[in-house]
Structure formats: C-alpha cells, structure tokens
Amino acid sequence: MARKRDPLFSRLTLLALLALATDAALAARPADGFADRAGNRLEALIEQPAPTAPDADDRDASPRYCTADHQWCVRTRADAGGGTAQLEVEHHVAGDAEPRMRFVPLTGLTESGSVRPWPFIVRMAPGIGAPQVPADPAQAQLQNVLVGVLDEATTGYSGGGASASTVRLARIYHQDDGVQVDADVLVLPADGNASIRACFSAADTTQRAGACHDEYTFSADVTLDPAGQGMPVLRYRTTATRYPAGVSRREDSLAKPPLRRKDLRTETVAACSFLRVLHFDGARYQPDAPLPDCADYTGL
C-alpha cells in the first residue's frame, strides 16, 4: 500500500528547493514573505547557463536570471560606448515569437563598482501595479513587476578593506499607450562589510587582547508583507553587527580602555537592526518610520 504523503514534509521540501534557488551570499535576500493577500508573489530568479556562442552583447553583460517558468528574464549590461548601463528585462508573452524587451536605465551607479541583477522578482496580481487598469484588454492582461539590481562597491585599507551594496528596484507596468518603466522606486542599503586594522605594535596587540581587526557587518532582507493588498507592500529587515563588542568607526579604538575577554564577541547593534514596512506613494517606496543613520555599517 502506498504511503500517504505528509503535507508538512512536502511544504518543507518546497521551501528547501526555493532556498536552494537563491544565492545565500547576496544581500537583500528574501527570508520570508513569498506572497501576500492580494496575490502578489516574490520569486527567486535562477541563473542561466552561459551561452555556448556568446555575441558582442554578451561580452558586456551579466549572466541571465529567469523565473522558473521562463516568462521573465533579466541581465545587466554595460554600455560599450561608455554611456548608461541598463537592466535588460525579457518578457516572454504567450503567442509571441520573440520576447518583449524592456530596458531600465541605471544612472548614478557607484564609481569603480559593479552591478548585477537582484536575483528576485515581484510578480503582481492581475489589475495591480499600474495607476489604473488599462481599458485595452491586450495591455490589461500583461503582468506588472518589480525587478532590480545590486549596485556594489569595494575599497581597500592598510591591513583591511570594505564592501557595500545597494538594492535598487524598478517598476514595469502597462497602460493603454504601452509599457512604462519607473526606475529607482526603491533605493536602500543591502549589504556592508568592513575590516579595519587596529594593532600597529605589540603593545596594541596586548591592549586589544589579540583582536587586531574591528569587524562591521550589515545585511538586509526585502520581502513581501503577507498582509499587503493592492500595490505590493514590502518589508525591509536589517541586521548590523560589530566585533569586538562596543567598537565604533567614529572612535580611536586604541584611545579606549583595554579590551576584556567578555568584549571578544560579535555584538548585534540594536540601532541598525530593525524592521520597516515600505508603502508605495505613487512614485517611490517610503518607510513607515525614518531610517536611522547606519553609515558605519553600510558605507565604505
């Protein structure tokens, strides 16, 4: 007799497969919030194999990332002429021989940095995402989405270094006169890491109890608010840490009292570990409360 399938096991298996489709090293990675009450869905994008015969466009482009059903694919591409980089979005519509291409201009990127696709997409429920539902049935049936990029930068210090990234989302929606693209409807810190040398002599090493680098980290998740209705409501959850406990990038660590054994731990920084709910105001996403100054954890 066939064994009855355990629904809990099936659910856990599905969640595990979704987790495997994500890049755990990426900031702004959804940890929860895959759907909301309106029917909007947040889905992981899956990196596609590199083309076997790349063309000139592929040379300046990132890998392609697609939804599991391949209806949506994205990649970033630098302008070979030194102009504006862009996020290329492919929308594969049933009945069309070729994908419909959408282009999101990427202006104001971090100098000497890099940009790659945010490996997630928010697919909106029918009738959601545009200021008004198109009267043209052909436009009304097309799906509206949020897509984005991670704008990354790094720098080096003497005996250390830092990296930081910003998540930038765009809205693609349809109206009677065609497709519309709104860039930068959300721009928020996504990730930060810094390692700063703190010992320059044997006496410093003793004062620092052998902990000769200050370490600062920041990470953020962008997810759907499950209770959201209408235009997707987003959750922005952050965590900031420092090691040793009590250190600050704004203070000379060697001017402080010697470290004790109990200081040699990673400390979560409450002021920069928070949850904000983000609502769309018609132009951009706005937090439900002001964001604190966390430049010590999000800056280079």
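These figures come from a predicted structure and were not determined experimentally.
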Separation of Asp184 CG from Thr107 OG1 (nearest 0.5 Å): 6.0 Å
Short side-chain to backbone donor-acceptor contact, Gln139 and Asp177, under 3.5 Å: no
From CA spacing to verdict: side-chain contact (heavy atoms from CB on, under 4.5 Å), Phe218, Thr238: CA-CA 7 Å; Phe218 180 90; Thr238 73; 3.6 Å; yes
Value rounded to 0.5 Å, distance of CG in Leu259 from CD in Gln207: 7.5 Å
CZ-CD distance between Arg116 and Glu47, expressed to the nearest 0.5 angstrom: 9.5 Å
Cys212 side chain near Asp204 side chain, heavy-atom distance below 4.5 Å: no
Between CG on residue Leu150 and OG on residue Ser114, distance to nearest 0.5 Å: 9.5 Å
Rounded distance (nearest 0.5 Å) linking atom CE of Met101 with atom SG of Cys73: 9.0 Å
Steps toward side-chain contact (heavy atoms from CB on, under 4.5 Å) verdict (Tyr216, Val269): CA-CA 10 Å; Tyr216 303 88; Val269 181; over 6 Å; no
From Arg64, Arg102, Arg75, residue fulfilling salt bridge (Lys or Arg N to Asp or Glu O under 4.0 Å) relative to Glu90: Arg64
In one Ile/Leu/Val/Met/Phe/Trp/Tyr side-chain cluster, 4.5 Å: Val133, Val145: no
Closest non-hydrogen atom pair between Ala44 and Phe120, with its separation: CA-CD2, 3.6 Å
Nearest heavy atoms of Pro287 and Arg276, plus distance in Å: CB-CB, 4.3 Å
Common cluster, Val74/Val187, ILVMFWY with side-chain heavy-atom separation under 4.5 Å: no
salt_bridge(Arg249, Asp214) N-O dist < 4.0 Å: no
N/O donor-acceptor pair under 3.5 Å between Ser62 side chain and Thr76 backbone: yes
Distance-only side-chain donor-acceptor flag, Thr239 / Ser219, under 3.5 Å: no
Steps toward salt bridge (charged side-chain N to carboxylate O under 4.0 Å, His left out) verdict (Arg77, Asp60): CA-CA 6 Å; Arg77 186 167 69 85; Asp60 297 314; 5.6 Å; no
Which atom of Ser253 lies closest to which atom of Ala198, heavy atoms considered: OG-CB, 3.9 Å
Tyr173 and Pro131, any side-chain heavy atoms less than 4.5 Å apart: yes
Under 3.5 Å: donor-acceptor pair, side chain of Thr217, backbone of Asn193: no
Shared hydrophobic cluster for Leu142 and Val104 (ILVMFWY, side-chain gaps under 4.5 Å): no
Close side-chain approach of His279 to Gln286, heavy-atom, < 4.5 Å: no
Within-4.5 Å side-chain heavy-atom neighbours: His92 and Thr67: no
Residue from Leu278, Leu224, Asp225 passing side chain to side chain contact (heavy atoms under 4.5 Å, CB included) with Pro232: Leu224
Expected output: side-chain Gln48 to main-chain Ile46 donor-acceptor under 3.5 Å: yes
Val89: which of Val181, Val179, Ile121, Val147 passes side chain to side chain contact (heavy atoms under 4.5 Å, CB included): Val147
Residues Glu43 and Trp72: side-chain donor-acceptor under 3.5 angstrom: no
Charged N-O contact under 4.0 Å between Asp263 and Lys256: no
Glu251 atom CD: more than 12 heavy-atom contacts under 6.0 Å: yes
Side chain to side chain, Asp136 and His174, heavy atoms closer than 4.5 Å: no
Worked verdict on Leu169 versus Leu234 for side-chain contact (heavy atoms from CB on, under 4.5 Å): CA-CA 12 Å; Leu169 300 188; Leu234 304 178; 4.2 Å; yes
ILVMFWY cluster, Val233 and Tyr236 together (side-chain gap under 4.5 Å): no
Rounded distance [0.5 Å steps], CD in Glu152 versus CG in Asp191: 8.0 Å
Path from Val277 to Phe280 over hydrophobic side-chain contacts below 4.5 Å: no
Check against salt bridge (charged side-chain N to carboxylate O under 4.0 Å, His left out), Asp69 and Arg41: CA-CA 14 Å; Asp69 61 9; Arg41 305 191 313 278; 5.5 Å; no
Closest heavy-atom pair and its distance - Ala38, Gln229: CB-CA, 3.8 Å
Side-chain (Asp281) to main-chain (Arg284) donor-acceptor, under 3.5 angstrom: yes
Minimal non-hydrogen separation, Leu254 against Phe200, with atom names: CD1-CD1, 4.3 Å
His213 (side chain) donor-acceptor with Gly159 (main chain) under 3.5 angstrom: yes
Flag if over 12 foreign heavy atoms under 6.0 Å of CZ, Arg197: yes
Minimum-distance pair of heavy atoms, taken over all atoms of Lys262 and Arg265: O-NE, 3.2 Å
Full working for side-chain contact (heavy atoms from CB on, under 4.5 Å) between Ile128 and Asn144: CA-CA 7 Å; Ile128 294 176; Asn144 302 323; over 6 Å; no
Electrostatic pair Arg237-Asp221, nearest N-O below 4.0 angstrom: no
